[in-house]
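Proteins get letters first, then strands, A, B, ... in listed order; numbering begins at 1 in each.
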Amino acid sequence: MPEHILALRDIHKSFGETQVLKGISLNVTAGEVVSIIGASGSGKSTFLRSINGLEMPQSGFLDFEGLSFDYHPESRFFPTATQLQALRKKVGMVFQSYNLWPHMTVLQNVIHAPIKLLKIPRAQAIEEAEALLSRIGLYEKRQSYPARLSGGQQQRVAIARALAMKPSLMLFDEVTSALDPELVHEVLVLMASLAREGMTMLVVTHEIAFARDVSSRVLFFDKGVIAEDGPPEILRNPQSDRLRQFLHRILHDEVAGAGAGYGGTQQ
Amino acid sequence: MITDFIGEVQIYGPGFLLAAWTVFWLTILTIVVSWVCGLLAALGHRSKVKAVRMVAAFYIWFIRGTPTLIQVFIIYFGLPQFGVRLSPFTAGVLSLGINSGAYVAEIIRGGLTAIPRGQTESSLALGFSPAETMRSIILPQVFRIILPSITNEAISTLKNTSLLSTITVVELTLYAQTLIAATFRPFEFYIAVAVIYLVLTTFLTQLAAWLERRYALQS
């Protein structure tokens with residue numbers, strides 16, 4: 001049996017009266033690339049954000065690299081602030097709106113966390129950051145401020161910033177949704193290359209082509225539960241009516257983009 | 001005429017310079033006190049603890065709702081009743097600082113709401129504590145946003161130091177009053193004082209403009 005890097009059990013989350021997550025369980029194996037699809041309001045973003053505690057579940061369990069949390073408020077395994085930070089240092093997250101820090105240069109954005117949190121010497125942090133920036137093709141921009149960059153460039157820097165912490169799991173929350181169509185590709189290509197290198201990834205996305213071509217597993221969220229969980233083939237052969245209807249709606253919108261492909265198919 | 005003027009500058013100039021120097025230091029120290037008070041009140045206003053929020057709200061409400069001069073009098077004339085006897089200078093810095101702090105708090109509060117939630121989230125998601133996030137991500141951005149308003153507040157503070165003439169701080173206004181009492185020439189001396197205030201406020205404005213250029217978000 002392959003080792004689970006992340007295990008979630010029975011995660012519940014409500015906002016006021018609205019139940020957003022109704023008992024989600026998920027095991028993720030190292031190297032898996034899991035695409036999470038579903039209509040807006042299905043709970044997929046909330047689920048992603050509950051993994052690193054940006055949203056605190058009201059109940060449920062998490063296991064990740066030696067950390068075990070029980071989210072029941074009275075549990076003695078309820079995560080402390082320190083434990084939560086320990087988790088977040090190993091789980092990278094990339095957001096829809098990039099969220100680069102505008103008062104820091106590209107390089108400063110990338111080295112800030114490794115220097116402060118991993119206590120890496122500044123010179124080494126810079127060296128590693130420059131290697132990362134070269135890799136994403138933005139070495140030339142290292143002294144620029146984020147406002148000078150296109151959306152796609154900013155999002156690639158945001159990915160580099162997360163990678164600089166050498167995470168063992170990456171969370172992507174609709175990272176291409178805010179981008180102009182012509183900038184989506186460069187971000188997806190970078191994510192596909194990460195996937196090929198064996199990075200464990202959870203990707204909330206509307207890009208069906210990415211889910212189909214790059215991920216090793218697809219989750220379909222519907223009304224706060226995982227309605228389907230399987231290999232990318234379920235996108236061609238949906239088992240449930242809900243997924244079939246969802247795909248029908250989505251694919252009608254992106255007939256042109258569906259054939260793009262990112263060449264990262266994992267077996 | 002010219003020699004008269006030179007003679008008078010020689011007589012009164014050093015005293016004015018000394019008084020201006022006092023105003024300068026009053027202003028600097030008051031600004032420091034006001035930023036500390038303002039930051040504490042602004043952060044206190046978003047505290048999870050209700051009591052802290054209430055203290056912050058009361059502070060801002062009380063200070064903004066009462067005259068500055070009365071606040072100065074409470075500190076300088078009122079506190080000695082409880083055994084707290086402050087020098088005029090210290091009482092002046094403290095009272096004006098606490099006063100300006102309430103306005104600074106409101107400015108900082110406005111600045112904080114202008115920073116998108118995502119700025120905090122991306123820092124927390126990397127593993128930073130909320131305190132460190134506030135210190136190295138949020139406040140540096142807030143500082144840049146509020147610099148113009150905070151400059152206005154600093155200029156008000158500088159001009160408010162003239163209120164301290166009422167509690168015997170020998171700053172520009174009181175010094176001029178002393179001279180006027182001896183020479184009966186209010187027009188010349190008040191104009192002279194106004195010009196010196198103008199020089200000082202212009203200096204502050206220029207300093208702020210330089211800071212704004214220095215720390216402007218490149219875009």
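At a 4.5 Å heavy-atom cutoff, A:Ala81 makes no contact with chain B through either its backbone or its side chain. Contact of A:Val94 with chain B is not made at all, since no heavy-atom distance falls under 4.5 Å. Both the backbone and the side chain of B:Ser136 come within contact range of chain A, each with at least one heavy atom under 4.5 Å from a heavy atom of that chain. For A:Arg161, the parts lying under 4.5 angstrom from a heavy atom of chain B are both the backbone and the side chain. If you measure heavy-atom distances from A:Leu100 to chain B, the contacts under 4.5 Å come from the backbone alone.
For a heavy-atom cut-off of 4.5 Å, chain A lies close to no residue in residues 75-108 of chain B. Using a 4.5 Å cut-off between non-hydrogen atoms, no part of residues 42-66 of chain B approaches chain A.
Panel note: side chain A:His103, backbone B:Tyr215; no donor-acceptor pair is recorded below 3.5 Å. Checked by atom type and distance alone, the side chain of A:Asn99 pairs as donor or acceptor with a backbone atom of B:Gly118 at under 3.5 Å.
Inter-residue side-chain proximity for B:Leu126 and A:His112 is flagged as unmet; no heavy-atom pair is nearer than 4.5 Å. Within the 4.5 Å cutoff, the side chain of A:Met104 has no heavy atoms near those of the B:Pro140 side chain.
Looking at every heavy atom in both residues, B:Phe128 comes nearest to A:Ala113 through CZ-CA, 3.5 Å. Taking each heavy atom of B:Gln141 and A:Pro102 in turn, the nearest pair found is OE1-CG, 3.3 Å.
Here CD of B:Glu121 is found 9.0 Å from CG of A:Asn52. Values are rounded to the nearest 0.5 Å. Between A:Gln85 atom CD and B:Glu132 atom CD the span is 9.5 Å, to the nearest 0.5 Å.
For A:Glu127, the CD atom counts as loosely surrounded, since its 6.0 Å shell holds 12 or fewer non-hydrogen atoms of other residues, nucleotides or ligands.
Checked by atom type, the side-chain pair B:Ser122/A:Trp101 shows a donor-acceptor distance below 3.5 Å.
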